[in-house]
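Indexing begins at 1, ligand by ligand and atom by atom, following the structure's order. What's counted below: heavy atoms across the whole structure, side chains too, no hydrogens, waters or symmetry copies. Note that the coordinates shown come from a computational prediction; the quantities given were computed from them, not determined experimentally.
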Amino acid sequence: MKEQKLRPQLVADHNSLERIFHRPENEQSRNVLTKYMEQILFGLHDFLQKHVGITEEIPLKVLAAQFTSSKIARTPVKKLADIITEIIEEIAPQAVNVSSPYFIGHMTSAIPFFMVHLSTIVTALNQNPVKIETSKVVSVYERQVLAKVHRLLFDLDETFYNIHIQKPESTLGSFVEDGTLANLTALWVARNRLLPSKSGCAGAERDGIAAALKDRGLHRLTILVSELGHYSIRKAAGVLGIGYDAVTPIPVDSANRMDLKVLERTLKEHHRDPETSVMAVIGIAGTTETGAVDPLPSIASLCREFGVHFHVDAAWGGPVRLSERYRGLLKGIEVADSVTIDGHKQFYLPMSNGMVFFRDPKAMDAVAYHAAYINRPGSVDLGIRSLVGSRSATSLVLGSALDIMGAGGYALLIDHGIETARLFAEEIIRRPMFELITAPELNILTYRLVPGELRGSEDPKEPANEEVRLRLLNKINIKVQRMQREAGNSFVSRTTLRRSGRPDTVVLRAVLMNQRTNHKILNAILDEQEAIYRNRIAPTLRLNKAMGLTP
Ligand SMILES: Cc1ncc(COP(=O)(O)O)c(C=O)c1O
């Protein structure tokens, strides 16, 4: 960003502070502030709508060179008007237009326009739901929003919700920063419930994991999750003192769902081992890479049989419960012990909003903390059973969005995503230059570009050739994805699928969640990938071959 010239009239004094903190003192300054809001609401929005492209073709290094000053100016250097204009004109074009219908690569997308208004209200009120003394009605409002999502997931009866919705001793769930912290919270509760206080040991939370394990003659805990589990699970294991190597990846079947036979075998092995205890089994409702949903009902019954905490990571897929047409895909989630769900994913909330829910309203007692000045026992303070302390009142955004959209509105988005993904899969299969790698179960699919000359199935007689072919395909797909991203017109992400028994496969990954993404746009994205291969990659491959170089 350009350095602004120092403006002598900008001073940091008490008069300016008074103006900054309080309402504008006259009609004129009121109009000026309203104009700023207009600029934010419409200037930025218009920009995002007009720019169907993803980002400008300026290398990050060039941008980084513009942000090298580490000094905080002593005197103010910019006025609010300059800042707003600068962000809209200089930052926005170099940021990523995740609102574009051509942006189909990540779990971040366009959000409804009204989210800007709701977020503004949250900021203006600046409530802190850690305690009622800084939030009052917002705390009880939050409990209601949590109950609504809890009911969406667990579908318990009316009496249950009537009892627990506002009962200070009950906790149906908690807002956290994101899915990572939601998973961490669920596993924190699972760990403490597995290693509670007993005579001679005050439990893992108080005495530490080493003492709690030793006291029970245990050497380790383990967490079982499919090999497609999100890396936040490993982070949680690290933070909770279990060590991330204790996360045991369970292989997936051909549909990328947890292999139940291996899960059962592993549970039995651990059950026989007196030194190991399984802390949790995690079923995923929408894996990050392929969108697959694990067989939740069967995992649930195995967990019941072995007495293990059953957590469902529905950070991505959770809101599918809002769709009458597709809610069955998440069958089994209602019997989980805990569930992670992200508001900033398929609830289309602005960054960032995570939630964790527990079937048992007493489960979060395992992580209750009190302080002398707040969070006193028996109070409604939401900070008592919460990993985070101070935080914003995002429940106002989610609660309002649920009212504005209704389950029906969200269902339209969910249905569109799933059906567009199916359409995209059909198109990929139809095109000779592409291969569908993982079919969409929800609204994520993976595929790769396979040029005619590199088609062919594995030849057991020539494993070396096959290896070369796969390596070349991986390289080509890395290049296609990178070149498309750098061109900035559209965006599909890339990952390497690492599944046991199968070679590492570089794939292009599409996440269909923008309701403006249609068949025409998807075709344009595939056309662009084909053109990149034909015009920019194939010629270099031919040249290498002619020169006798292995690619
Ligand atoms: C299945 C799953 N779990 C957890 C997470 C972590 O969510 P967040 O990025 O909000 O921390 C993700 C993010 O992509 C996810 O896909």
Side-chain angles (χ1 to χ4, degrees), residues 96 98 103-109 111 149 153 173-188 190 223-240 244 247 249-250 252 256-258 280-296 299 310-321 329-330 332-333 336 338-357 387-388 391-392 394 397-398 414 417 421 438 440-446 491 493-497 507 509-513:
V96 176
V98 297
F103 184 88
I104 57 162
H106 283 304
M107 296 167 157
T108 306
S109 181
I111 52 173
V149 183
L153 298 169
S174 174
F175 278 96
V176 284
E177 186 74 19
D178 61 359
T180 298
L181 292 195
N183 280 337
L184 172 59
T185 305
L187 294 170
W188 184 26
I223 298 167
L224 311 183
V225 62
S226 103
E227 57 192 341
L228 292 176
H230 189 262
Y231 70 100
S232 56
I233 310 292
R234 283 188 288 130
K235 275 191 201 171
V239 172
L240 292 170
Y244 71 70
V247 178
I250 306 291
V252 291
N256 297 297
R257 300 181 194 133
M258 187 190 265
V281 174
I282 301 174
I284 312 166
T287 59
T288 316
E289 284 170 298
T290 67
V293 181
D294 282 332
L296 306 179
I299 300 176
F310 174 36
H311 175 62
V312 174
D313 182 354
W316 176 247
V320 173
R321 294 279 287 179
L329 292 173
L330 262 54
I333 201 169
S338 54
V339 177
T340 283
I341 188 165
D342 260 343
H344 56 255
K345 293 190 166 82
Q346 297 209 74
F347 275 122
Y348 291 83
L349 259 52
M351 290 292 151
S352 64
N353 174 281
M355 288 166 275
V356 60
F357 295 90
L387 180 60
V388 280
R391 60 189 168 84
S392 80
T394 39
V397 183
L398 178 57
I414 301 287
T438 61
E441 191 172 353
L442 300 179
N443 47 353
I444 298 176
L445 60 84
T446 65
F491 177 77
S493 62
R494 183 185 81 220
T495 188
T496 304
L497 290 180
V507 291
R509 168 176 168 267
V511 181
L512 286 309
M513 67 180 299

Study note, to complete from the structure: Using heavy atoms and a strict 4.0 Å limit, residues surrounding ligand 1 turn out to be Met107, Asp178, Gly179, Thr180, Asn183, His230, Ser232, Gly286, Thr288, Asp313, Ala315, Asp342, His344, Lys345
Check your understanding: Given Phe175, which of Val388, Leu181, Leu398 fulfils the side chain to side chain contact (heavy atoms under 4.5 Å, CB included) condition?
Key -> Leu398
Review point. Can His230 and Ser232 be said to form a side-chain hydrogen bond (donor to acceptor under 3.5 Å, both in side chains), step by step?
Key: CA-CA 5 Å; His230 189 262; Ser232 56; 2.8 Å; yes
**Study point:** Working for side-chain hydrogen bond (donor to acceptor under 3.5 Å, both in side chains), residues His311 and Thr340
**Key:** CA-CA 8 Å; His311 175 62; Thr340 283; 3.2 Å; yes
Exercise for review: Kindly write out the residues that satisfy side-chain contact (heavy atoms from CB on, under 4.5 Å) with Thr446, not counting sequence neighbours, or none if the list is empty.
Suggested key: Ile437, Thr438, Leu497, Val507, Arg509
Check your understanding: If you round to the nearest 0.5 Å, how far is OG1 of Thr180 from OH of Tyr231?
Key -> 6.0 Å
Revision key, fill the gap. When every non-hydrogen atom of Val149 is compared with those of Met355, the smallest separation belongs to CG2-SD, 4.5 Å
